Amino acid sequence: MIDLEWLRSFAAIYRLGTVSSAAGARYLTQPAVSQHLAALEAAIGQSLFVRTSRRMVPTERGKELYSRVAQSLDTLEHVLRRPDGAAPEKPIVRIGSPQEYFYETALPRLAGATCRLWVEFGPTPELLERLERGELDLVIATQRLSTRGIEYGKAADERFVLVGSPEKMRSGGRRPRPANLDQVERWLGGLDWISYGVELPIIRRFWQEVFHRRPEIRPVLVIPSLHAILKAVELGYGVSLLPDYLCRGAVSAGRLRELWKPPMPVANELWLACRKTDLHRDEILRLRERLGAG
DNA sequence: TACGTAACGGCTCATGTGAC
DNA sequence: GTCACATGAGCCGTTACGTA
């Protein structure tokens, strides 16, 4: 007979990745949780995790079991937590995202969601790692990493727009003919640039895709925030590349100007990632639909 | 019915083991 | 050396059972 406590410990190990952290989360000691898992594996007759030196990696049987019990255990946890007569507690979905995309695009789409949302920001590789570890439920990713057990759905395309302030452009010297890439490169290389980082992320990619070489640019301003870059461009610090969803409003309002359109647009795909074992969860499916990856 | 006692289950603490 | 899991020893609460 399988004890419910064994399953609760199993789910905690699955989500948190180690027996020790699962023990902490369950207010038990590590040996207690270790014994729960050993008893569950003995009852089932199969290993549910591969013991590596640093992590407990679920086996196929472990993944299958988790997908079958996770929703029921969550429901049970909610029922046990809520006081008698209280309305059923909404499930929690933990979302990881790039800050600017979430603020500009995801947040308006999530208005009226029927679950509670806990949002965290960070770089995509880190967020995907945390998704795999069970610390997040849904990640808006700027790239697809080959991670087993993660399902990706296309959420959106973002096009990078080369922008500057109208005042800066008036004093920026004579503009080259748009079709002459050598002239355009020399012209752009002579402008003041604002970059997200010293390694010139976005700018480097733009340069390589358009001019097929590395940019020789020393940015006048480095700010790891796209919103701050937008403001800095408006204030005339220099020019930069921004996602279309972020600068569209400022361009329409005349605060920014698109300086030049490359022959082929430089774009990025945005993905919505979740664990395959969570694909049965209603709240996950609904959020995927809202965010465009249904 | 009340009490004493043994058995059992589940926990913690301490420690061993293996991987990095 | 550090980190994480497994294991043995011992403690404690619960339960079953016998006895007054």
Side-chain angles (χ1 to χ4, degrees), chain A residues 1-84 86 89 91-97 118-139 141-152 197 199 201 273-281 284:
Chain A
M1 176 86 174
I2 289 176
D3 191 314
L4 180 61
E5 292 303 306
W6 302 349
L7 291 172
R8 294 175 76 186
S9 291
F10 160 73
I13 297 169
Y14 191 100
R15 286 170 179 154
L16 298 170
T18 67
V19 173
S20 303
S21 51
R26 296 217 57 215
Y27 302 102
L28 294 171
T29 59
Q30 173 262 319
V33 174
S34 182
Q35 286 164 20
H36 286 175
L37 178 60
L40 181 60
E41 288 179 326
I44 289 174
Q46 282 180 281
S47 291
L48 299 170
F49 292 94
V50 176
R51 277 75 168 165
T52 66
S53 59
R54 301 279 163 179
R55 296 190 60 72
M56 300 286 275
V57 179
T59 60
E60 289 306 311
R61 183 72 180 94
K63 290 175 186 174
E64 186 208 337
L65 179 64
Y66 181 80
S67 70
R68 289 173 61 190
V69 304
Q71 184 67 43
S72 303
L73 287 173
D74 284 347
T75 305
L76 182 63
E77 297 284 350
H78 288 134
V79 169
L80 292 176
R81 267 194 229 128
R82 78 186 177 102
D84 288 344
E89 200 171 324
I92 295 167
V93 177
R94 299 157 297 175
I95 299 180
S97 172
W118 291 359
V119 181
E120 295 186 36
F121 302 126
T124 288
E126 184 186 306
L127 294 175
L128 289 175
E129 207 171 286
R130 297 188 59 199
L131 174 70
E132 199 186 358
R133 287 206 300 267
E135 295 169 14
L136 294 171
D137 303 307
L138 211 52
V139 166
T142 55
Q143 55 186 303
R144 293 175 73 175
L145 301 181
S146 53
T147 313
R148 287 186 67 191
I150 301 298
E151 173 82 11
Y152 289 91
E199 298 295 317
C274 70
R275 286 182 298 279
K276 287 179 179 169
T277 51
D278 280 348
L279 282 170
H280 66 283
R281 289 174 61 185
I284 296 288

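Reminder, nothing fancy here: chain letters follow the sequence lines and each chain counts from 1. Here the structure is a predicted model, which means the values were calculated and not measured.
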Compare side-chain N and O positions of A/S34 against OP1 and OP2 of C/dA6 and report whether any pair is under 4.0 Å apart. yes
Value in whole Å for how far the C1' atom of C/dC5 lies from CZ of A/F10: 17 Å
The reported gap from CG in A/L131 to CG in A/L138 (rounded to nearest 0.5 angstrom) is 8.0 Å
Rounded to whole angstroms, how far apart are CG on A/L28 and C1' on C/dC5? 16 Å
How many Å lie between CD on A/Q35 and P on C/dA6, as a whole number? 10 Å
Nearest 0.5 Å, what's the CD1-CG distance between A/I95 and A/L127? 11.5 Å
Do A/Q30 and C/dA6 share a donor-acceptor pair, side chain to base, under 3.5 Å? yes
Quick one: sort the A/Y66 and A/Y14 rings into parallel, tilted or perpendicular, breaks at 30° and 60°. parallel
Whole-Å distance, A/R8 CZ to B/dC11 P, equals 12 Å
Ignoring backbone atoms, establish whether A/H36 has a side-chain N or O less than 4.0 Å from OP1 or OP2 of B/dC11. yes
So do the side chains of A/R275 and A/D137 get within less than 4.5 Å of each other, counting heavy atoms only? yes
For A/P31 and for A/W6, find the nucleotide of DNA chain B with the closest heavy atom, then tell me which residue's nucleotide is more 5'. A/W6
Under 4.0 Å, heavy atoms only, any strand: does A/E5 hit a base, just the sugar-phosphate, or nothing? nothing
Could you tell me how far apart A/F49 (CZ) and C/dC5 (P) are, to the nearest whole angstrom? 10 Å
